[in-house]
Q: 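Here it is: the structure, laid out below.
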Amino acid sequence: GSGIRATASSLSLTSSTVNNNGADGINLSDSSSNVMDSVIDSNNGDGVNASNSTLTMIGSSVQNHTGDGIELNQSPSSISNSQIEANSGLGLSAVSTSSISVINATFNNNGQEGFAIESSSASLQDAQVNGNGNHGIVAGSRSAISLVNTSVSDNSGTGVDIANSSAAISGSTLNGNDGDGLVVSDSSTATALNTSISENSANGVTVIASLMSFQSSEVLNNANIGIEADGDSLVSCVATTVSGNGTDFSGNITGCVTG
């Protein structure tokens with residue numbers, strides 16, 4: 001079974017190791033939890049699975065699970081100074097979760113997406129979402145996500161995929177992903193400020209039936225199109241350089257600088 005199971009309870013875990021259990025490392029239902037300076041490792045399920053609960057994680061690692069590192073369902077969470085890495089599923093997945101705060105945490109080298117939310121809200125600051133087996137970050141189904149000083153690089157799919165959601169990206173890098181650097185689709189709205197989107201293996205940015213704005217950013221040296229937009233989208237650029245891509249622009253692009 002699970003290493004630790006809490007139902008309608010309050011859990012505090014400090015300087016502990018939860019490993020090699022037959023199911024989830026920590027399973028929370030209708031509970032609150034604080035996990036500090038602990039290691040959740042190599043359990044046969046999710047590292048942490050929380051439903052209708054709250055999770056605060058500080059200075060901990062969640063790694064080498066057969067499922068997701070952290071799975072949240074209606075479970076507001078705060079994750080700081082922690083590593084969620086090398087899990088077979090997603091680094092973090094969240095559904096219908098009102099608030100996920102991430103500061104100085106890594107979601108690297110997971111087998112599927114690094115960080116994925118649906119019908120949820122998340123903010124990532126000083127984070128890394130690198131080297132995952134599918135997309136780096138996914139936000140869908142009317143989610144909202146904020147990325148500040150965050151690296152989303154070297155993922156096997158798209159760097160950041162926003163669908164029917166909103167995204168605010170600042171001071172971040174979306175570089176070296178095997179797909180597009182950024183996809184914004186399905187009536188989404190996204191902004192990029194002081195952000196670099198470069199050296200991705202497909203497009204730098206793809207915009208489909210959505211609104212996208214750039215300010216003081218750069219879209220450089222992507223293999224296909226720097227910024228591609230369909231006829232149902234609007235893209236605007238202020239003080240943004242788009243250069244060195246296979247083709248710099250396609251579609252409804254105004255106000256950008258090349259060269």
Side-chain angles (χ1 to χ4, degrees), residues 35-41 46-48 55-65 68-72 77-94 97 99-117 120-139 143-162 167-183 190-201 204-205 217-220 222:
V35 179
M36 297 182 62
D37 301 323
S38 292
V39 175
I40 318 300
D41 184 16
D46 298 330
V48 179
L55 170 67
T56 299
M57 178 175 289
I58 302 171
S60 296
S61 64
V62 182
Q63 60 198 24
N64 300 319
H65 294 94
D68 298 340
I70 298 174
E71 182 173 332
L72 306 173
S77 299
S78 173
I79 301 166
S80 60
N81 301 311
S82 295
Q83 298 80 44
I84 294 81
E85 299 188 344
N87 300 286
S88 295
L90 290 80
L92 180 146
S93 65
T97 295
S99 175
I100 306 160
S101 173
V102 173
I103 299 175
N104 190 30
T106 61
F107 300 84
N108 295 342
N109 302 316
N110 298 286
Q112 299 181 29
E113 285 83 359
F115 190 99
I117 62 173
S120 300
S121 175
S123 65
L124 287 78
Q125 180 176 337
D126 300 320
Q128 296 179 18
V129 187
N130 300 336
N132 295 287
N134 201 334
H135 307 317
I137 294 174
V138 176
S143 293
I145 193 164
S146 168
L147 308 179
V148 178
N149 297 332
T150 289
S151 168
V152 187
S153 300
D154 302 318
N155 297 287
S156 294
T158 297
V160 177
D161 191 320
I162 307 299
I169 305 169
S170 64
S172 296
T173 57
L174 283 58
N175 296 346
N177 299 286
D178 288 347
D180 295 345
L182 172 65
V183 175
T191 61
L193 172 66
N194 294 323
T195 288
S196 172
I197 303 172
S198 68
E199 298 181 354
N200 297 286
S201 295
V205 181
S217 293
E218 58 184 20
V219 182
L220 305 176
N222 298 284

Q: Measuring only between side-chain heavy atoms, which start at C-beta, is S123 closer than 4.5 Å to S101?
A: yes

Q: Have a look at I79 and tell me which of I58, V35, L92 forms a side-chain contact (heavy atoms from CB on, under 4.5 Å) with it.
A: L92

Q: Is any side-chain heavy atom of I145 closer than 4.5 Å to a side-chain heavy atom of I162?
A: yes

Q: Report yes if the side chains of D161 and E113 come closer than 4.5 Å at any heavy-atom pair, otherwise no.
A: no

Q: Just one of N175, D126, N130, T106 clears the side-chain hydrogen bond (donor to acceptor under 3.5 Å, both in side chains) bar with S151, so which one?
A: N130

Q: Can you see which heavy atom on S217 is nearest to which on A192, and at what distance?
A: OG-O, 3.3 Å

Q: Can you check whether M57 reaches V62 side chain to side chain, under 4.5 Å on heavy atoms?
A: yes

Q: Given V205, which of N222, D180, I197 fulfils the side-chain contact (heavy atoms from CB on, under 4.5 Å) condition?
A: I197

Q: What closest approach, in Å, do V129 and N155 show between heavy atoms, and which atom pair accounts for it?
A: O-ND2, 3.0 Å

Q: Please identify which of these residues, D178, N177, T158, meets the side-chain hydrogen bond (donor to acceptor under 3.5 Å, both in side chains) condition with N200.
A: N177

Q: If you compare all heavy atoms of Q63 against all heavy atoms of V39, which two are closest, and at what distance to 0.1 Å?
A: NE2-CG1, 4.5 Å

Q: Locate the shortest heavy-atom distance separating H65 from N87; write the atom from each residue and the value.
A: ND1-OD1, 2.9 Å

Q: Side chains of L193 and T191: does their closest heavy-atom pair fall under 4.5 Å?
A: no

